[in-house]
Participant: 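Here it is, the structure in full.
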Amino acid sequence: MSFLSAEALDVNGLLAEVSAPGRGGIAVFIGLVRDHQAGRRVERLGYSAYAPMAELVSAEIVAEAERRWPVRVGLRHRLGDLGIGEAAVAVAVAGAHRDEAFAACRYVIEEVKRRVPIWKRERYADGTEEWVDPTRQEIARSEERDQEVASSEKRGQEVASSEKREGSAVW
Amino acid sequence: MSFLSAEALDVNGLLAEVSAPGRGGIAVFIGLVRDHQAGRRVERLGYSAYAPMAELVSAEIVAEAERRWPVRVGLRHRLGDLGIGEAAVAVAVAGAHRDEAFAACRYVIEEVKRRVPIWKRERYADGTEEWVDPTRQEIARSEERDQEVASSEKRGQEVASSEKREGSAVW
Amino acid sequence: MPASPAVSPVIRVQLYARFADLLGASHVDVPASGPTTVADVLARIRSLPGGSAIGAGALVAVNLRQARPEQPVSPGDEVALLPPLAGG
Amino acid sequence: MPASPAVSPVIRVQLYARFADLLGASHVDVPASGPTTVADVLARIRSLPGGSAIGAGALVAVNLRQARPEQPVSPGDEVALLPPLAGG
């Protein structure tokens with residue numbers, strides 16, 4: 001199975017791919033298109049890749065994880081134009097025990113973000129578009145974290161607004 | 001939604017339950033019935049619970065995680081008679097960022113195992129049955145880990161047998 | 001004046017999983033004529049036929065919460081004797 | 001004796017994402033008459049119109065692997081200039 005997918009990611013298929021009778025735990029991470037980034041309202045996201053390198057590097061990351069832990073790893077990344085709530089990346093890691101499944105799952109998603117040549121172009125609510133540059137967003141992201149911490153202190157309001165957003169969840 | 005389920009766990013339903021436009025990462029853990037436990041071949045597993053306490057404690061664990069991290073948690077545990085590869089427990093945690101999703105997911109599964117009154121009865125390949133007592137299995141489990149480490153040194157063989165098991169995966 | 005036959009107060013203890021098998025019952029009633037603690041209840045159940053196999057890992061829940069040995073228990077409480085937990 | 005028109009050796013550099021937008025092309029050909037390194041290729045591309053906006057986070061891949069500045073590059077290599085990665 002190739003790493004890059006033009007179709008919606010099939011999480012159940014990924015679970016089936018890594019499952020086996022001896023594996024008692026599956027840790028999964030799914031990265032979804034979020035409606036905000038660095039304080040701006042995002043409407044859509046376009047993913048593109050340097051495909052041959054992305055396939056090679058992702059296969060290497062999977063092999064590294066399977067060498068380091070006794071696990072089986074399934075990994076997919078979506079390409080093309082995605083709406084809010086659509087899955088962009090999915091990692092499923094099955095092992096006999098949960099420790100190794102969690103550790104390997106975390107390793108794979110961090111390495112994918114660090115090493116796989118994929119880019120995203122955000123379209124904002126105001127109609128503008130921009131390539132995402134994570135190296136320029138570090139400052140914005142830490143500011144956003146500060147805001148989230150501040151807002152989580154207003155607990156009642158946060159829960160209420162989170163319930164409201166739930167209604168428009170896309171999956 | 002109740003925590004305990006007599007029906008097969010619906011992972012997609014759980015993902016939908018925790019998803020929202022502002023949440024960019026979902027960490028999931030699925031615990032499956034494994035074909036071995038403490039060195040013995042397992043054929044089936046029967047789960048039972050002290051239901052009112054299990055519902056109360058699981059709701060408390062979810063609330064604790066949602067208070068500690070800015071996340072939304074979905075949690076289910078299966079009851080009844082399960083075959084190898086069936087999902088016994090599923091935790092899905094959605095957050096704006098993956099750090100908090102992973103941390104809360106790990107917290108929830110550890111607390112479920114530690115605090116929720118659920119028991120399992122294993123049926124072995126030799127036809128015998130036994131209640132699982134994790135406090136008695138600590139020694140057996142560490143011995144099993146040693147075996148797994150030893151066997152992962154014979155890398156080629158391990159991969160080959162893992163491929164073979166794949167064919168009979170149940171999901 | 002004849003004494004009316006007193007209804008002895010009891011604490012009903014629900015038994016789960018292996019402990020229900022050990023005692024061959026889904027619950028047992030423990031006499032509670034005076035102040036009674038979780039430890040008293042546990043000792044009493046251990047003295048019943050099959051009860052000696054109840055190990056140190058046994059938990060007692062009072063009103064759906066794990067209880068410490070010194071916690072008092074009354075006849076109106078929901079009490080349950082739980083084997084070591086094995087969920088997940 | 002007239003010199004035959006020499007075919008100058010070039011290194012073809014594929015441009016991705018924002019860098020393709022900046023230079024308005026999917027690839028550029030960089031002359032490589034002598035020994036050439038990744039740093040040489042990058043410097044040359046930065047000197048092209050639009051190339052000055054290529055920042056310090058730019059990566060060069062040679063034959064599908066990230067390459068260091070001092071790594072030599074030859075005309076037969078698959079070379080790509082990559083903006084900071086943003087997958088996941």
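The chains referred to below are lettered A, B, ... by the order of the sequence lines, with proteins before strands, and numbering in each begins at 1.
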Participant: Might you point out which heavy atoms bring Gly22(B) and Asp35(A) nearest each other, and give the distance in Å?
Facilitator: CA-OD1, 3.3 Å
Participant: Could you please state which residues from residues 45-60 of chain B sit under 4.5 angstrom from chain A, measuring non-hydrogen atom to non-hydrogen atom, sorted by number, or 'none'?
Facilitator: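 No residue falls under the 4.5 Å cut-off.
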Participant: Run the side-chain contact (heavy atoms from CB on, under 4.5 Å) test against Ala125(B) and tell me which residues pass, sequence neighbours left out.
Facilitator: Arg41(B), Glu43(B)
Participant: From Ser19(B) OG over to Ile30(A) CD1, what is the distance, rounded to the nearest 0.5 angstrom?
Facilitator: 7.5 Å
Participant: Are the side chain of Arg34(B) and the backbone N or O of Ala96(A) linked by a donor-acceptor pair below 3.5 Å?
Facilitator: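 Yes, because the side chain of Arg34(B) sits within donor-acceptor range (under 3.5 Å) of the backbone of Ala96(A).
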Participant: Per the ring pair (Phe, Tyr, Trp, His ring centres under 6.0 Å) rule, what does the pair list look like for residues 4-29 of chain A, sequence neighbours excluded?
Facilitator: Phe29(A)-Phe102(B)
Participant: Write out, in numerical order, the residues from residues 105-115 of chain B with a heavy atom short of 4.5 Å from a heavy atom in chain A.
Facilitator: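 The residues closer than 4.5 Å to chain A, in numerical order, are Cys105(B), Arg106(B), Ile109(B), Glu110(B), Lys113(B).
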